[in-house]
Amino acid sequence: MHKSFNVTASSTYPLGVKFVPEGLHISAICEKNTEFGIVLFDKNNKSGIKIPFPKEYKIGNIYSMLLEGYQDKNCSYLFYQGEELIQDPYAMALENDRKYGEKRKFPSHCKVKEHSYDWNGDKFPAYSFEDSIFYMMHVRGFTKHKSSGVSCRGTYAGVMEKIPYLKELGITAVLLMPSYEFDEVFKEENQKMSIEQAATEYNGLDSKFAEREDSPVRVNYWGYQEGLYFIPKCNYSYKKDAVTEFKDMVKALHQNEIEIMMQFYFPPSISHVKILEILKYWVLEYHIDGFQLMGVDIPIQMLRKEPLLAETKLIGEKDDYYENSTGTGNSDNESVYKNFGFMNDAFLYDMRKLLKGDANMIDSLMNLCRKNYSDKGVVNYIAKQNGFCLYDLVSYNSKHNEANGEDNKDGVADNYSWNCGVEGKTRKKGILELRMRQMKNAMSFVMLSQGTPLIYNGDEFANSQEGNNNPYCQDNSVCWLQWNKLNTNEELFNYTKELIALRKANSILHAKMPLRGTDYLSCGFPDISFHGKDAWIPDTSSESRSLGILYCGMYGSDGGKTDNSLFYIAINMHWEPYQFGLPQTSKGLEWKPLLTTYSQKIDSSNTCKSGLGEIRDNILVPPRSIVIYGTKVVETGKEKKAKGSRSR
């Protein structure tokens, strides 16, 4: 018996530590045959009071007890196993007591969650996969660089300051790289600290156990590791209260109709039941809209069938869920929310090969641009956190990972990249123009294909990682977005913004159902068709590097509206100009150039500058360029005359 409480029996579940009317409930798992208990820190026990679990309250490997009468809501705690101090894997709050990258001499104390939050009627935007445009970001790296211009750099609050930028770009969801609590500082294996050491360090006393090393700190900047999965990462918070700041960020994004999704890495040691519990908690407690689940044993089928997650996006690393995944035809139950999607690495590899001009890629382009399913999402990207970012993809032939300290042996060896003639930085105008065109080509591949496009943060304004294709440990300007490049690469940003707007405005560019390639509406055009030098006849030979793609708007889903618009995407990845044969439009329509990746602008008339040719039966597309055409209504003589009189 202790002075302020009694140790009595408590329920086995829930796991973790929480206040109940009778006192403090404590329940935890221990698989070791050693003394196990809690170290409680409060105003009366600043150095901690050690309370072992009574063995008679143990069921299986779960220990539980009730500190009857204990009600100090400001307490903190750690568990101990023998002489080792550990944090509670079910903790829902943590003392925010250190800076990012600071060596942890003792574990940060867990806090007992007593937290209320006013969501002010917060609503989940609930975009479908086909209507979504994902934006992957690292919370710290997104605004940490001084050029970001925010007052709360590298934090959840910093993300909030950039919401107007995200709105202008047009994305519908941010996907956060690991933002649950994890220790980013690499440690020596088996590094442990006893209770006495931790208490001494915590109270700021000198100790023979204190760490004296001045060795440089190496950080796991990405965070793909096991962590405290119920807590937002504390030192991504500008204020001490990371829980509130994270919720403020979620609410602000939702108020601006932007979803928030999170990446979670689960090693095999994390049980399927706990994974489900973690995801449900983040949906209920933090209003998270979706998750990218990473690991070797993720129970996608179990998660997808959980009723609470029925309208939560669950994204797997591969297409490993099968139900009605034919890719053709209609779903038996179209009213059900499509909550599973997968990361389409095939798109990244093959579109990179096409971009640099590899042979035998047209068949792959034809398949990937229309890849879509009735019952699951397909996430397309040409760059993500591992491998080259977009600018480096067109600026480096080889990886340059020397700064990682592994003799450039880490990271993938083949990025399917092309430096456009010069390795790395250059001032040559011709090379820079070609790189800009190639980046715009890459964005076009992503945005004009079916499925869900994903942009890696900073790619929209050509942010560089200096040729490092595996910057997992670079907490510096290599990974921090350099926002000053937004001014120098405004052309790419504006083009990306226009592509997103075009995609969002035309449902045929992000269809709900798989496109069949047939004229099943008897409107004169298939939903999607392919073309070459002659209309309706694509060149799929091994040496072909050009393809025309025609989308027919009649097959979109605009709430029952009739849309007879057409979109023709002329893709020429050859180093020579290519002539395309344009299909004839429907009566009363004519072709109009909308966007081009070529550095020269398109006239407002029906003629494109710089050899793009007139809009007649044939068009000439420059080397390594894409031109996008849409249709407009042909004005009659009376309409032209009436317009002229009004202008006078």
Side-chain angles (χ1 to χ4, degrees), residues 17 19 41-43 72-78 87-88 91-122 137-166 174 176-185 202 204 219 221 223 227-256 258 260-263 281-282 284-288 457 475 479-481 483:
V17 180
F19 282 103
F41 301 87
D42 57 27
K43 61 182 179 181
D72 188 342
K73 301 296 177 66
N74 294 316
C75 70
S76 61
Y77 69 97
L78 293 167
Q87 293 170 315
D88 178 8
M92 296 177 181
L94 200 67
E95 284 190 343
N96 193 356
D97 58 357
R98 67 186 185 91
K99 296 180 180 179
Y100 183 90
E102 187 175 79
K103 287 186 178 181
R104 178 175 290 171
K105 298 179 180 180
F106 55 88
S108 293
H109 292 184
C110 301
K111 298 285 289 183
V112 184
K113 181 192 162 204
E114 286 285 321
H115 187 272
S116 61
Y117 184 80
D118 185 359
W119 283 99
N120 296 117
D122 178 65
M137 71 163 63
H138 188 286
V139 169
R140 180 173 170 83
F142 187 58
T143 61
K144 184 60 180 175
H145 197 272
K146 61 182 180 181
S147 63
S148 66
V150 303
S151 58
C152 305
R153 288 161 43 192
T155 65
Y156 306 124
V159 173
M160 284 189 276
E161 292 185 67
K162 284 294 185 181
I163 287 178
Y165 169 83
L166 297 172
V174 295
L176 305 186
M177 293 172 65
S179 298
Y180 53 84
E181 182 60 39
F182 63 90
D183 186 359
E184 73 279 1
V185 178
Y202 185 72
V219 300
Y221 175 78
L228 300 180
Y229 290 117
F230 295 92
I231 307 173
K233 186 157 178 58
C234 288
N235 44 35
Y236 287 174
S237 175
Y238 184 73
K239 299 178 180 178
K240 286 289 185 181
D241 186 357
V243 170
T244 297
E245 188 169 316
F246 191 97
K247 290 179 177 179
D248 287 343
M249 176 184 65
V250 174
K251 184 167 65 174
L253 287 166
H254 283 179
Q255 287 172 344
N256 286 274
I258 298 175
I260 177 167
M261 306 188 301
M262 298 177 67
Q263 290 182 339
Y281 179 79
W282 280 90
L284 291 172
E285 184 69 22
Y286 290 98
H287 292 199
I288 296 301
N457 61 183
D475 177 42
C479 285
W480 300 346
L481 299 198
W483 288 86

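- Residues meeting the salt bridge (charged side-chain N to carboxylate O under 4.0 Å, His left out) test with Glu184, sequence neighbours left out: Arg98, Lys233.
- Remark: Lys99 engages Glu102 in a side chain to side chain contact (heavy atoms under 4.5 Å, CB included) (not counting sequence neighbours).
- Legend: residues meeting salt bridge (charged side-chain N to carboxylate O under 4.0 Å, His left out) with Asp475, ordered by chain and number and at least two apart, are Arg140.
- Applying the salt bridge (charged side-chain N to carboxylate O under 4.0 Å, His left out) criterion to Lys113, with sequence neighbours excluded, gives Glu285.
- Between His287 and His254, the ring-plane angle classifies as parallel under the 30° and 60° cut-offs.
- Nearest heavy-atom pair, Ser147 versus Trp483, reported as atom, atom and distance to 0.1 Å: OG-N, 2.8 Å.
- Taken to the nearest 0.5 Å, the OG atom of Ser179 stands 7.5 Å off from the CH2 atom of Trp282.
- Asp88 and Tyr77 are linked by a side-chain donor-acceptor pair at a separation below 3.5 angstrom, with hydrogens and angles left out of the test.
- What you find for Tyr238 and Ala157 is that their closest heavy atoms are CB-CB, 4.2 Å.
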From CA spacing to verdict: side-chain contact (heavy atoms from CB on, under 4.5 Å), His109, Leu94:
CA-CA 6 Å; His109 292 184; Leu94 200 67; over 6 Å; no
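- Side chain of Tyr221 to main chain of His138: no donor-acceptor pair is present (N/O by atom type, distance under 3.5 Å, no hydrogens or angles).
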Between Lys247 and Val250, is the side-chain contact (heavy atoms from CB on, under 4.5 Å) condition met? List the steps.
CA-CA 5 Å; Lys247 290 179 177 179; Val250 174; 5.5 Å; no
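- For NZ of Lys43, the number of neighbouring non-hydrogen atoms (other residues, nucleotides, ligands) closer than 6.0 Å is 12 at most.
- Of all non-hydrogen atoms in Asp97 and Lys240, the two that sit nearest each other are CA-NZ, 4.3 Å.
- In terms of heavy atoms, Glu245 sits closest to Ser237 at OE1-OG, 3.1 Å.
- Ile260 CD1 to Leu253 CG: the interatomic distance, rounded to the nearest 0.5 Å, is 5.5 Å.
- How far CG of Leu176 is from CE of Met262: 6.0 Å, rounded to the nearest 0.5 Å.
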Could you go step by step and tell me if Val159 and Met137 meet the side-chain contact (heavy atoms from CB on, under 4.5 Å) rule?
CA-CA 10 Å; Val159 173; Met137 71 163 63; 4.0 Å; yes
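- Among residues two or more places apart in sequence or in another chain, the side chain to side chain contact (heavy atoms under 4.5 Å, CB included) test is passed with Asn120 by Asp118, Lys251.
- Annotation: Tyr286 is not in aromatic contact with Trp119 [ring centroid separation under 6.0 Å not met].
- Ala252 meets the side chain to side chain contact (heavy atoms under 4.5 Å, CB included) test with Met160, Ile163; sequence neighbours excluded.
- A donor-acceptor pair under 3.5 Å is formed between the side chain of Thr155 and the backbone N or O of Cys152.
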Could you please spell out the steps behind the side-chain contact (heavy atoms from CB on, under 4.5 Å) verdict for Lys162 and Leu481?
CA-CA 12 Å; Lys162 284 294 185 181; Leu481 299 198; over 6 Å; no
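- The heavy-atom pair separating Phe19 from Val112 by the smallest distance is CD1-CG1, 3.4 Å.
- For the residue pair Gln87 and Ser108, the shortest heavy atom distance occurs at NE2-O, 2.9 Å.
- Rounded to the nearest 0.5 angstrom, Phe246 CZ and Tyr117 OH are separated by 11.0 Å.
- Checked by atom type and distance alone, the side chain of Lys111 pairs as donor or acceptor with a backbone atom of Asn74 at under 3.5 Å.
- Using a 30° and 60° split on the angle between ring planes, Tyr180 and Tyr229 fall in the tilted class, from 30° to 60°.
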